[in-house]
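Data first, discussion second: the structure below is written as structure tokens.
Note that the structure is predicted; figures quoted are calculated from it, not measured.
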Number of protein chains: 4
Amino acid sequence: MPKVSAEHLTNRRRQILDAAAGCFARNGFHRTSMQDIVKESGLSAGLIYRYFTGKEDMILAIVAEWHTTRSAGLGTADDPLAAYLGLLRAIADPAAAQQRNLGMQAWAETVREPRIRALARQGVDDQIEAFGAVAPEPLIRVLVAVYQGLLLQASWDDSLDVEAFVAAVGELVRRRV
Amino acid sequence: MPKVSAEHLTNRRRQILDAAAGCFARNGFHRTSMQDIVKESGLSAGLIYRYFTGKEDMILAIVAEWHTTRSAGLGTADDPLAAYLGLLRAIADPAAAQQRNLGMQAWAETVREPRIRALARQGVDDQIEAFGAVAPEPLIRVLVAVYQGLLLQASWDDSLDVEAFVAAVGELVRRRV
Amino acid sequence: MPKVSAEHLTNRRRQILDAAAGCFARNGFHRTSMQDIVKESGLSAGLIYRYFTGKEDMILAIVAEWHTTRSAGLGTADDPLAAYLGLLRAIADPAAAQQRNLGMQAWAETVREPRIRALARQGVDDQIEAFGAVAPEPLIRVLVAVYQGLLLQASWDDSLDVEAFVAAVGELVRRRV
Amino acid sequence: MPKVSAEHLTNRRRQILDAAAGCFARNGFHRTSMQDIVKESGLSAGLIYRYFTGKEDMILAIVAEWHTTRSAGLGTADDPLAAYLGLLRAIADPAAAQQRNLGMQAWAETVREPRIRALARQGVDDQIEAFGAVAPEPLIRVLVAVYQGLLLQASWDDSLDVEAFVAAVGELVRRRV
DNA sequence: GATGAATGAGGATTCATTCAT
DNA sequence: GATGAATGAATCCTCATTCAT
């Protein structure tokens, strides 16, 4: 007999995850203290532990969500190439800075946490499956690699010419097809 | 007149950096304690602080060296494409696991440490300059991105078919050239 | 005019005390959280605080009850020695494990809580008074000590030969009388 | 190649254990914070963890030492009964308040920590073995129980007449022999 | 009355760094 | 130079208690 609605619980969880995502994106997982998240969320320390078993659990949730977001709506496009180039533009967008930062943090964690590594690998495999009908695995892997590398470069270089990058990719791929 | 030879100093520094690189690659920067490095190096805590001002300084040194290694010998090849494909094979090699892990750690740090971010950006710029004679910047960026993404994917997936990946890249690029 | 019957209040209190006694006996006062008692009792946290002012108050109630139980029916036996030996058998009984555990917890609390210490002392004094007609104080103290020590030893050693213990006590005392 | 002498290490350990014993005897294991021990010892928090893996480890060390002290010199006396009565006097002595308090704490821990329970049981078994030549096990158990009970009663009642207690025990036992 | 979500102070422990020897 | 013992601030987490519903 819960005292609050399921919606309330969902909102609270969202509130915590948003605060955590903000902190993590700004300072990395390990330079972010639970206290930072407490402050950013406006909640209390104790309450956060009713939603997550600990910091590790929160990191895992953030990373899982990151990959889920990335895989959403995959392979449903009429024009796969155009859709892919759209993804490139999206990840390089200035507004996606938080997403990029979280991504880089998540990748670093793959080194020491098997579950995060599994999520990362699954993320790539999802792409391979989604585009399996229109391209062979190695090519998809290359395109995923391009996406990953663009994420990095866009993060480091505000003046990166995204359109030129996308155009170069388009040219490489179109000739092939 | 220094009490110990410059060579001795260099060796000691090397010894510390090697120990640190090993620890960092295994557990990440933040899960590695100075004590871990002390143990792995076989030296004492006090001594390490005579070579580095602190942990941050060591991380910086490790990251700087990582990028230096990557830029070494760039643009001197007769056949740039073949040289590039060789780099792809090298970074995906099982023996390069430590290099891959360090790279991912370094990338994560770009989020919060401007100097590491500058090193990362410089690393890409070095490639652009080195290959500026044979290809336009956007294309080089794409190829660097492919390298970066392959580093990630090879790290996550032991069964990745590197040759198929390299072949796919070769095919894309050769048609263009 | 109370909203609920006095009986209801008593039952609730009993329910809480039983839950607390179970938890305390299993894990000790300090390894038992209020949440543990909440769960075990099937009631809510808020309700428990309407019956007890806090954890300390509950511990006090448990300890008081423990001593009350021990003093009940004292000195009414026709054959005091036989009655005493029966008490020895009872406290060493496997079924009395919870009583033994609570006793040991209560004794430990006498160190820091004067009220619990007073209860413990009163417990001994009650025995002295109850058996004052049939034995001098020092002897009663010795017999109480035997009871206390048996409680400990029975708790630590499942294979303790209770009958042999009781026989040894009986022999010592009978010769004296 | 330790920087300090083995004696220094032993002294430090002693220093910590003494501070801990003082705190534990005053407030019990669980009302004593590591910070309390840090203050009482005059050392730093970090240093204490170089000697003990944690609070649990310290409790275990304190309890082990308590039982060791109790078993020291057992069974070497010419007159076992006189020696035993001496032990009774010693544990009831006002100066032994700390020993009594630690004992009660240790007994309470037997409920939840198998290793402490094993130490307690072993403590009794040691007595049984030490006096096995002069008395049967049940009688020894009874005498140990008397000791344990006296510890409790002396702790609770400053005005306890120890000599009368000891005399009562002496009388019971002497008649038997 | 009854609930359980929410609080936040307090606790155990770690770890980068220093400094006496 | 070299050591490693020592420091103590900072971290993650728990839990007794309260109070809005």
- Of all pairs that satisfy salt bridge (charged side-chain N to carboxylate O under 4.0 Å, His left out), the ones with a partner from residues 10-30 of chain B, not counting sequence neighbours: B/R14-B/D18, B/R14-B/E65, B/R26-B/E40

- Pairs counted as Watson-Crick or G-U wobble with both distances under 3.5 Å: what dot-bracket string results for DNA chain F, using | for bases tied to another strand? .||||||||||||||||||||

- Query: Quick one: CD on C/Q105 to CD1 on C/I116, what's the gap to the nearest 0.5 Å?
  - Reply: 10.5 Å

- Grab the CD1-P distance between C/I48 and F/dC15 for me, whole Å please. 15 Å

- Might you point out which heavy atoms bring C/M104 and C/S155 nearest each other, and give the distance in Å? CE-OG, 3.0 Å

- Message: Within residues 11-34 of chain D, which residues have any heavy atom lying less than 4.0 Å from an atom of DNA chain E?
- Response: D/T32, D/S33, D/M34

- Taking the side chain as every heavy atom from C-beta outward, state whether C/Y51 and C/L47 have any atom pair closer than 4.5 Å. yes

- Could you check how far NZ of C/K39 sits from P of E/dT3, rounded to whole Å? 16 Å

- Message: Quick check for you: among E/dG4, F/dC13, E/dA16, whose closest atom lies nearest to any side-chain atom of A/Y49?
- Response: F/dC13

- Query: Taking atom OG1 of D/T110 and atom CZ of C/R100, what is their separation to the nearest 0.5 Å?
  - Reply: 10.5 Å

Protein-nucleotides 19-21 of chain F N/O pairs closer than 3.5 Å?
| from | atom 1 | to | atom 2 | distance (Å) |
| --- | --- | --- | --- | --- |
| F/dA20 | N3 | A/K3 | NZ | 3.4 |

- Provide, to the nearest angstrom, the distance between the CD1 atom belonging to D/I37 and the P atom belonging to E/dG10. 18 Å

- Task: To the nearest 0.5 Å, tell me how far D/S33 OG sits from D/K39 NZ.
- Result: 7.0 Å

- Query: Is there a side chain to side chain contact (heavy atoms under 4.5 Å, CB included) between B/M58 and B/F24 once you walk through the steps?
  - Reply: CA-CA 10 Å; B/M58 272 189 37; B/F24 289 156; 4.2 Å; yes

- Note on the structure: Rounded to the nearest 0.5 angstrom, the CD1-OH distance for B/I16 and B/Y49 is 11.0 Å

- Note on the structure: On DNA chain E, more 5' by nearest nucleotide between C/L43 and A/L43 is C/L43

- Item | Contact residues, residues 53-61 of chain D to DNA chain E [heavy atom, < 4.0 Å] | D/G54, D/K55

- For residues 52-63 of chain A, which residue pairs qualify under side-chain hydrogen bond (donor to acceptor under 3.5 Å, both in side chains), counting only residues two or more places apart or in two chains? A/E56-A/R112, A/E56-B/R31

- Return no unless some side-chain N or O of D/H8 is found under 4.0 Å from OP1 or OP2 of F/dA6. yes

- Minimum side-chain heavy-atom gap D/F52-D/L17 below 4.5 Å: yes

- With heavy atoms under 4.0 Å as the rule, sort B/F52 into base, sugar-phosphate or nothing. nothing

- Nearest-nucleotide pick for B/Y51, side chain only, options being F/dA6, F/dA2, E/dA6: F/dA2

- Message: Contact between C/I48 and C/I37 at the side-chain level, heavy atoms closer than 4.5 Å - yes or no?
- Response: yes

- Query: So, do A/N11 and A/E7 sit near enough that their side-chain heavy atoms are less than 4.5 Å apart?
  - Reply: yes

- Item | Which residue lies more 5' along DNA chain E, comparing B/Q35 with A/S44 via nearest heavy atoms | A/S44

- Of the non-hydrogen atoms in D/Q15 and D/S41, which two are nearest, and what is the gap between them? NE2-O, 3.2 Å

- Task: Take D/F29 and C/H30, measure what side chain to side chain contact (heavy atoms under 4.5 Å, CB included) needs, and give me the verdict at the end.
- Result: CA-CA 9 Å; D/F29 293 137; C/H30 302 288; over 6 Å; no

